[in-house]
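Just so you know, these numbers come straight off a predicted model, no measurement behind them. In this chain, residues are counted from 1 in sequence order.
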Amino acid sequence: MDLQGRVAIVTGSSRGIGKCIAQNLAQVGAKLVAVSRNAEDTADLVQQIKDQGGDAISIQADVSVAADVDKMVQGTVETFGQIDILVNNAGITRDSLLARMKEDDWDAVMNINLKGAFLCSAAVAKVMAKKRYGRIINISSVVGQMGNIGQANYCASKCGLVGLTRSNARELARRNITVNAVAPGFIETDMTATLPEKVCNDMMAQIPQGRFGSPQDIADAVIFLASEQAGYITGHELSVNGGMYM
Ligand code: NAP
């Protein structure tokens with residue numbers, strides 16, 4: 001894959017899957033915009049990319065805040081002049097059983113995981129449409145496909161993201177913008193590090209390949225969907241889950 005000359009925004013690139021996606025996009029030549037709620041958290045990543053001969057900047061943005069998203073798009077265009085790739089990766093969990101789920105937990109998850117992707121897609125699509133080129137990749141989840149006890153808010157947000165993916169794919173197709181989702185299975189990051197051993201064991205029992213995924217597994221799929229070679233794929237949700245759901 002060669003993304004020389006392309007400009008990519010990755011939301012939530014301070015750690016985990018987003019950081020790995022950002023590193024991989026930069027490795028294949030993309031100019032990288034690393035977005036997180038605290039710009040200091042992506043400073044090392046940006047420096048690492050520059051040390052390796054790449055080009056990158058940090059932008060502070062909370063994806064659930066429209067003014068921050070506008071600033072993110074403006075800052076990217078001011079620095080790099082265009083936006084070719086958007087990875088809507090920022091996400092949180094606020095798990096609890098339905099009967100105990102607080103309204104705040106529902107709202108926080110929907111605002112970041114779903115509204116955040118809507119705000120970023122809408123703002124970035126305007127820039128992409130002018131150039132008649134774009135790749136938008138939304139990070140959904142295997143539990144959005146299966147459902148999961150204690151994750152009504154998270155599963156609903158990720159399932160909603162797939163509806164957003166399909167609608168935006170149809171709407172933006174004539175502008176030569178593809179919109180796809182990557183649905184990770186159980187990936188070893190900070191998000192899953194705090195899960196109780198029993199939950200992890202139960203998950204492992206459902207994975208035919210017998211291993212948890214790595215951020216690199218997800219980055220490989222994202223790089224493909226961001227590439228020229230994936231130009232005729234749109235509205236698709238690509239499962240990367242070791243066979244956990246098929
Ligand atoms: P993680 O390690 O917790 O990282 C989440 C990232 O999102 C961080 O960089 C965080 O940055 C950022 N973020 C959170 N809220 C944000 C906001 N309002 N605005 C901007 N950035 C925000 O999680 P991960 O495991 O890498 O997950 C990445 C994505 O993959 C998420 O969408 C997650 O739902 C999805 N996913 C993960 C798994 C898994 O097993 N790990 C499975 C399926 C799907 P700050 O907190 O520093 O701002």
Side-chain angles (χ1 to χ4, degrees), residues 1-63 69 72-73 75-77 79-92 112-113 116-117 120-121 124 128 134-141 161 178 180-193 211-230 238-242:
M1 305 296 167
D2 182 3
L3 295 178
Q4 291 289 339
R6 297 290 180 206
V7 176
I9 296 177
V10 182
T11 67
S13 47
S14 59
R15 53 197 152 86
I17 293 170
K19 184 175 186 179
C20 188
I21 291 169
Q23 286 166 329
N24 277 259
L25 285 166
Q27 271 162 20
V28 292
K31 293 171 188 166
L32 205 279
V33 180
V35 177
S36 75
R37 283 179 288 195
N38 185 345
E40 282 171 21
D41 292 345
T42 52
D44 287 352
L45 169 68
V46 165
Q47 193 54 51
Q48 184 195 62
I49 291 170
K50 286 182 174 169
D51 290 347
Q52 290 165 353
D55 207 348
I57 57 167
S58 288
I59 293 186
Q60 181 282 327
D62 179 332
V63 295
V69 171
M72 173 189 90
V73 170
T76 304
V77 172
T79 306
F80 292 128
Q82 65 196 63
I83 305 171
D84 303 292
I85 299 160
L86 167 67
V87 184
N88 283 311
N89 165 81
I92 62 163
I112 294 173
N113 297 9
C120 292
S121 301
V124 165
M128 290 176 167
R135 300 272 188 270
I136 298 176
I137 298 148
N138 298 320
I139 306 299
S140 57
S141 173
L161 204 47
T178 66
N180 292 288
V182 170
F186 189 109
I187 310 299
E188 287 180 309
T189 66
D190 289 355
M191 188 176 269
T192 48
R211 71 167 177 93
F212 294 137
S214 67
Q216 187 62 49
D217 292 317
I218 306 308
D220 287 338
V222 170
I223 295 293
F224 169 63
L225 289 172
S227 72
E228 298 292 330
Q229 287 87 339
L238 178 57
S239 291
V240 184
N241 61 25

Tested for side-chain contact (heavy atoms from CB on, under 4.5 Å) against Glu40, the lone hit among Thr42, Asn38, Asp44 is Asn38

The side-chain contact (heavy atoms from CB on, under 4.5 Å) partner of Val87 among Leu25, Ile136, Thr11 is Leu25

- Query: Under 4.0 Å between a Lys/Arg side-chain N and an Asp/Glu carboxylate O for Asp55 and Lys31?
  - Reply: no

Notebook entry, point to check: Any salt bridge between Arg211 and Asp217, counting N to O under 4.0 Å?
Noted result: yes

[X] and [Y]: which non-hydrogen atoms are nearest, and at how many Å?
X      : Y      : answer
Asn138 : Ser121 : OD1-OG, 4.4 Å
Phe224 : Ala230 : O-CB, 3.2 Å
Val46  : Ala56  : CG1-O, 3.5 Å
Leu32  : Phe80  : O-CE1, 4.0 Å
Val124 : Met72  : CG2-CE, 4.4 Å
Ile139 : Leu161 : O-CD2, 3.2 Å

Rounded to the nearest 0.5 Å, what separation is found between the [atom1] atom of [X] and the [atom2] atom of [Y]?
X      : Y      : atom1 : atom2 : result
Asn88  : Asn113 : CG    : CG    : 10.5 Å
Ile218 : Asn89  : CD1   : CG    : 10.0 Å
Asp190 : Arg15  : CG    : CZ    : 5.0 Å
Cys20  : Ile223 : SG    : CD1   : 9.0 Å
Ile85  : Ser227 : CD1   : OG    : 9.0 Å
Arg37  : Ile92  : CZ    : CD1   : 6.5 Å

Measuring only between side-chain heavy atoms, which start at C-beta, is [X] closer than 4.5 Å to [Y]?
X      : Y      : result
Leu225 : Leu238 : yes
Val73  : Ile83  : yes
Ile17  : Met191 : no
Gln23  : Leu45  : yes
Ile187 : Val240 : no
Lys19  : Pro215 : no
Asn180 : Arg135 : no

Q) Are the side chain of Ser13 and the backbone N or O of Val35 linked by a donor-acceptor pair below 3.5 Å? A) yes

task: Could you walk me through whether Val222 and Asn24 pass the side chain to side chain contact (heavy atoms under 4.5 Å, CB included) test, one step at a time?
output: CA-CA 9 Å; Val222 170; Asn24 277 259; over 6 Å; no

Answer with yes or no whether the side chains of Asp51 and Gln47 bring together a donor and an acceptor at under 3.5 Å.
yes

